[in-house]
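Since the structure comes first, as structure tokens, the remarks are kept for the end.
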Amino acid sequence: MPDAPLRLIDEIGLVARTLAERAVRPGRRRLRLGVTGLARSGKTLFITALVDALTRGTRLPGFAPMAEGRMIGASLIEQPHAAVPRFAVETHRNALIGPDPHWPQSTRGLSELSLLIRYRSKSFGTPQRELEIDIVDYPGEWLLDLGLLTLDFASWSDRLRAIATADPNPPGFLSADPQAVLSVEATEALARDFTAWLKTKKADPTALLALTPGRFLLPGELEGSPALTFAPLPAPGHIAPRDSVHALFAARYEAYKRLVVRPFFRDHFARLDRQIVLADPLSALNGGAAALSALSTALTDTLTAFRAGDSNPITRLVARRIDRILFAASKADHIHSTSHDRLEALLNTLVADATRRARFSGAATRSLALASVRATREAVVDTAEGPHDVIVGVPEQGERMGAVLYDGKTEIALFPGDLPETTETLSAAPAGRLHFLNFRPPLRLERRADGTPALPYIRLDRALDWLIGDWMK
Ligand SMILES: Nc1nc2c(ncn2[C@@H]2O[C@H](COP(=O)(O)OP(=O)(O)OP(=O)(O)O)[C@@H](O)[C@H]2O)c(=O)[nH]1
Ligand SMILES: [Mg+2]
């Protein structure tokens with residue numbers, strides 16, 4: 001029997017907390033922005049760029065409150081959870097603008113941040129108003145776990161075993177006997193074998209759905225606990241004895257959901273108002289059609305857990321729902337702006353099912369190609385066939401194009417290849433036909449009026465406008 005994402009007791013708790021917050025903070029509105037995306041999709045950079053732009057007054061012409069001169073300022077304020085580390089925005093920003101610009105590290109744990117925006121309302125004579133925005137950041141590896149909320153041990157095992165069986169070197173855990181009664185050491189060996197196999201799948205863009213449970217890849221303080229010590233098993237045929245490995249692992253799988261996944265979802269995702277779903281279709285495209293389709297399935301699977309829907313004032317009072325979702329293709333600076341429409345079309349195909357579902361439940365959706373931090377600029381190169389639109393930037397050290405290996409210092413002009421014009425040609429995309437390079441962060445930054453460096457972006461202003469602009473009318 002599939003589970004509901006949350007138990008009744010959690011639901012009641014959410015209603016109570018929503019009502020309590022309303023009572024405590026009259027006047028100030030609070031918007032929970034969910035930044036969603038798989039590993040390396042660009043969550044940390046999006047949050048860093050958003051906070052940097054709003055707190056330091058970057059020019060954001062596509063963000064109506066700023067374009068209309070109503071934005072007064074923004075600053076960090078006390079976050080909601082006292083036990084969660086604060087999002088290290090200064091560290092991430094310093095990585096980008098320091099003497100040796102580099103991207104922030106991949107996220108290894110949960111962090112959060114609250115931003116208070118002061119603005120003037122459009123209505124005549126109103127005093128200044130305040131909008132609080134709460135955001136959490138987390139490792140993308142944990143996101144796929146949300147799909148487990150509606151999956152029992154047998155279905156999860158079937159899914160994982162199907163992927164493992166297709167492996168050219170089938171892992172040892174596939175031959176485990178579900179009826180066996182195993183020693184503690186033997187169950188640990190099985191789990192170790194499974195975890196080792198999971199780690200090999202991290203590099204395989206066609207096996208995204210295999211990457212659960214997420215904490216097996218990034219365990220944090222739960223490393224070695226029973227809730228993180230199990231492996232997928234075949235169905236036992238008839239009812240497994242109580243001391244069989246199947247009964248043990250099924251119980252641990254449920255414990256993992258109860259102790260790890262459900263609290264993560266309940267505390268950080270169940271009460272979102274707005275959501276941005278970041279995806280990196282270009283990296284997937286490097287892996288061909290199979291990788292694209294894996295990304296699409298993984299996104300659809302994960303987004304099912306979120307509560308999207310019509311937010312009429314009455315339902316909103318008792319249970320928040322996401323009423324707007326922005327699907328964003330990150331890293332749009334990896335291609336020339338003449339291809340941005342095609343990148344958005346590609347994104348639309350990837351999230352078609354998720355979009356349909358969100359719209360059906362009453363949420364509005366939009367898609368956008370953006371770059372939180374623009375690492376390249378555009379130029380025209382004259383060639384024998386005429387002028388060519390190119391992007392110019394410094395590829396990361398170790399990036400490769402054919403036989404050329406980049407050293408992380410040399411600036412190059414690159415024609416990354418045209419994105420396929422139609423989605424049909426896309427689905428036939430062979431692996432390796434297109435190749436998108438990763439670039440270093442921008443090495444030269446423009447200065448704001450106050451002399452501080454401003455991070456360049458593509459359409460971050462429009463993303464912000466769609467996500468929060470209407471709350472600042
Ligand atoms: N050029 C460019 N690269 C980007 C941009 N956003 C992200 N990237 C690249 O993508 C990588 C991952 O971005 P992050 O923001 O760390 O991704 P994440 O979703 O937080 O990843 P996890 O923490 O691993 O879940 C970065 O190290 C950059 O190489 C962007 O706007 N432009
Ligand atoms: Mg991150």
Side-chain angles (χ1 to χ4, degrees), residues 34-53 58 85 87-89 91-93 95-96 101-113 135-146 202-203 205 208 211 214-215 217-218 220 264 268 275-284 286 295 298-299 302 328-337 340 343 347 368-378 391-399 406 408 411-412 414 416 436-443 445 455-464:
V35 178
T36 320
L38 301 178
R40 316 305 288 151
S41 59
K43 300 179 292 297
T44 300
L45 278 158
F46 176 79
I47 303 170
T48 304
L50 176 155
V51 173
D52 182 65
T58 301
F87 179 77
V89 63
T91 312
H92 301 326
R93 184 172 181 276
L96 295 166
H102 57 275
W103 299 108
Q105 292 198 334
S106 191
T107 308
R108 304 194 60 84
L110 194 70
S111 67
E112 71 177 3
L113 140 161
I135 307 178
V136 294
D137 190 30
Y138 53 89
E141 280 82 355
W142 295 358
L143 188 74
L144 286 168
D145 275 353
L146 300 187
K202 253 187 112 161
L208 278 173
L211 296 179
R215 307 270 165 147
L217 298 164
L218 275 179
F264 178 55
H268 303 290
Q275 185 175 33
I276 176 167
V277 179
L278 288 153
D280 178 8
L282 296 175
S283 295
N286 281 345
L295 176 59
L299 282 172
T302 310
S330 56
K331 315 179 195 178
D333 56 328
H334 284 181
I335 53 173
H336 194 271
S337 55
H340 284 168
L343 179 57
L347 174 69
L368 200 67
L370 62 77
S372 307
V373 177
R374 178 180 191 161
T376 65
R377 57 201 158 81
E378 300 192 336
I391 55 173
V392 178
V394 180
E396 296 253 48
Q397 185 178 16
E399 285 288 291
Y406 295 106
E411 188 171 75
I412 61 158
L414 176 76
F436 302 98
L437 287 177
N438 286 313
F439 289 91
R440 289 190 62 191
L443 303 184
L445 296 173
L455 293 168
Y457 62 82
I458 297 172
R459 302 207 183 115
L460 179 70
D461 52 348
R462 282 170 52 187
L464 273 176

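First listed ligand is number 1; within each ligand, the first listed atom is number 1.
Considering backbone and side-chain atoms alike, D137 places every N or O at 3.5 Å or more from each N or O of ligand 1. Considering backbone and side-chain atoms alike, Q105 places every N or O at 3.5 Å or more from each N or O of ligand 1. Residue T44 has at least one N or O atom closer than 3.5 Å to an N or O atom of ligand 1. Between F439 and ligand 1, no pair of N/O atoms sits closer than 3.5 Å. For N438, no nitrogen or oxygen atom sits less than 3.5 Å from a nitrogen or oxygen atom of ligand 1, counting backbone and side chain alike.
In this comparison of S372, A39, A49, the heavy atom closest to atom 31 (O) of ligand 1 sits on S372. Of the candidates W142, W103, Y457, F46, it is W103 that places a heavy atom closest to atom 3 (N) of ligand 1.
Rounded to 10°, the angle formed at the Mg ion (ligand 2) by OG1 of T107 and OG1 of T44 is 90°.
The proximity of T107 to ligand 1, defined as any non-hydrogen pair under 4.0 Å, involves the side chain as well as the backbone. At a 4.0 Å heavy-atom cut-off, ligand 1 touches L38 through the backbone alone.
Heavy-atom proximity to G42, at under 4.0 Å, picks out these atoms of ligand 1: 7 (C), 13 (O), 14 (P), 15 (O), 17 (O), 18 (P), 19 (O). Listed by number with element, the atoms of ligand 1 under 4.0 Å from a non-hydrogen atom of P139 are 25 (O).
Inspection of the D280 and S283 side chains reveals an N or O donor paired with an N or O acceptor under 3.5 Å. With no hydrogens or angles considered, no side-chain donor-acceptor pair links S41 and S330 at under 3.5 Å.
With hydrogens left out, the protein atom closest to atom 18 (P) of ligand 1 is K43 N, 3.4 Å, a heavy atom.
Inclusion of Y138 in the first shell of the Mg ion (ligand 2) is not supported: no N, O or S atom falls under 2.8 Å.
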